[in-house]
Participant: 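First the structure, then my questions, so here it is.
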Protein chains: 2
Amino acid sequence: MVGKEIGERHFIEDVALFCEQMGLPRMAGRVLGVLLISDPPAQSLNDLCDCLQASKSSVSSMARLLVGEGLIEPAPCLVPRRDYFRFRDGGWLEFMRRRMEVMAGLHAIADRGLEILEGRDESLRARLEEAHDVFEFVDSEFRGWLEWMGKRGKRTAKTGR
Amino acid sequence: MVGKEIGERHFIEDVALFCEQMGLPRMAGRVLGVLLISDPPAQSLNDLCDCLQASKSSVSSMARLLVGEGLIEPAPCLVPRRDYFRFRDGGWLEFMRRRMEVMAGLHAIADRGLEILEGRDESLRARLEEAHDVFEFVDSEFRGWLEWMGKRGKRTAKTGR
DNA sequence: CTCAACGTACAGTATTTACAGAACGATAAA
DNA sequence: TTTATCGTTCTGTAAATACTGTACGTTGAG
């Protein structure tokens, strides 16, 4: 059971607001919020509906959306014909990784911009060279750090899934 | 003059799409796209309207939005009563910095979640400890790297504004 | 003073989005 | 076989969003 106490409600709504800032539907954030503090960690769709007082369709589609984002995963369950979900180990790292990948997309765009300004004055090219540098930096360095974090996470993780 | 050639149009639209993925209006991305390859770098609102075939109101509000995002800045101009804008040195770093700040917001949220699960089994707390670790990492390390990049940028920048 | 150009603010519109509710198909229990 | 439960899909709707066009105030030029 989760989401009865005022503190839990507040937490869930904070996660929802955060997810909204990240471009996800607020309801997806609520589902994620529940799965971050639920006991047990795995909850059925009905549990989530009851807890959030939301429609089956919303919760169902939001759960699948979160699975696609790599933040949660289906959990094996004893009761047949019932879907359980839980937060996915390393979900946040995966989330960050994908966001960084989108950002790194500007790396290529900046290069194409530099092609357009080929042969032009350096002062004109500086804008795009900054973009190139920043996002190449993000693409290379940060990717490495994420991998390092991933290894560290696996090493300290005692909760085998 | 900018935006006449097919390559430029394509570049502008790519930047627009990127900005849309980042949660900004597409038109804001178009304005930014122009200001990334324009010659001269500073363009008036009318220039932008002509180039993008968009309404004054859109371009005006999108320009102010981009100023708020720290990506562009008003440029001093000789013609009175006319607003010029140009890409802002270090704009991308500022952009990244703000995005990271939003992400780091989950750091505090995770802590609040851990308070809720205080005294509970470690297996239950692992989810939030991962969030805590990841976003504390982002908040501390990445902030430092951004600052380092910022210094490096100022050092190599020959284009004094 | 008059007029034209510029930027902003407001109103209108069309598209998208986030959700709820109903209908449907599938499956396990009775 | 019937029935109840679960998940998905489809449809509808209310709200937000992105943009256009118009109206307005302001300022420099004639």
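Throughout, protein chains are lettered first and strands after them, A, B, ... in sequence-line order, and every chain is numbered starting at 1.
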Participant: Does CZ in A:R98 sit with more than 12 non-hydrogen atoms of other residues, nucleotides or ligands closer than 6.0 Å?
Facilitator: yes
Participant: Would you call the rings of B:W92 and B:F87 parallel, tilted or perpendicular, taking 30° and 60° as the class edges?
Facilitator: tilted
Participant: I'd like to know if A:R112 pairs up with A:E115 as an ion pair, taking the criterion as any Lys NZ or Arg NE/NH1/NH2 lying under 4.0 Å from an Asp or Glu carboxylate oxygen.
Facilitator: no
Participant: Any sub-3.5 Å donor-acceptor pair from B:Q43's side-chain atoms to B:P40's backbone N or O?
Facilitator: yes
Participant: Return yes if some donor-acceptor pair links the side-chain N/O of B:R99 with the main-chain N/O of B:M22 below 3.5 Å, else return no.
Facilitator: yes
Participant: Rounded to the nearest angstrom, tell me the gap between atom CG in A:D83 and atom P in D:dT5.
Facilitator: 17 Å
Participant: Please work out which of the three classes, parallel, tilted or perpendicular, describes the rings of A:F18 and A:F95, given edges at 30° and 60°.
Facilitator: tilted
Participant: Under 4.0 Å between a side-chain N/O of A:N46 and OP1 or OP2 of D:dT5, yes or no?
Facilitator: no
Participant: Does anything in residues 25-33 of chain A come within less than 4.0 Å of DNA chain C? Heavy atoms only, and list the residues if so.
Facilitator: A:P25, A:R26, A:M27, A:R30
Participant: A:R127 and B:L35: which non-hydrogen atoms are nearest, and at how many Å?
Facilitator: NH1-O, 2.8 Å
Participant: Short of 4.0 Å, heavy atom to strand atom, which residues of residues 52-70 of chain A count as contacting DNA chain D?
Facilitator: A:K56, A:S57, A:S60, A:R64
Participant: Under 3.5 Å, is there a donor-acceptor pair linking the side chains of A:D121 and A:S123?
Facilitator: yes
Participant: Mind checking which nucleotides bracket the chain A contacts on DNA chain C, 5' to 3', with an atom under 4.0 Å from a heavy atom?
Facilitator: C:dA18 to C:dA28
Participant: Is the backbone of B:R125 close enough, under 3.5 Å, to the side chain of B:R120 for a donor and an acceptor to pair up by distance?
Facilitator: no
Participant: Between A:R97 and A:E101, does at least one N-O distance fall below 4.0 Å, as a salt bridge requires?
Facilitator: yes
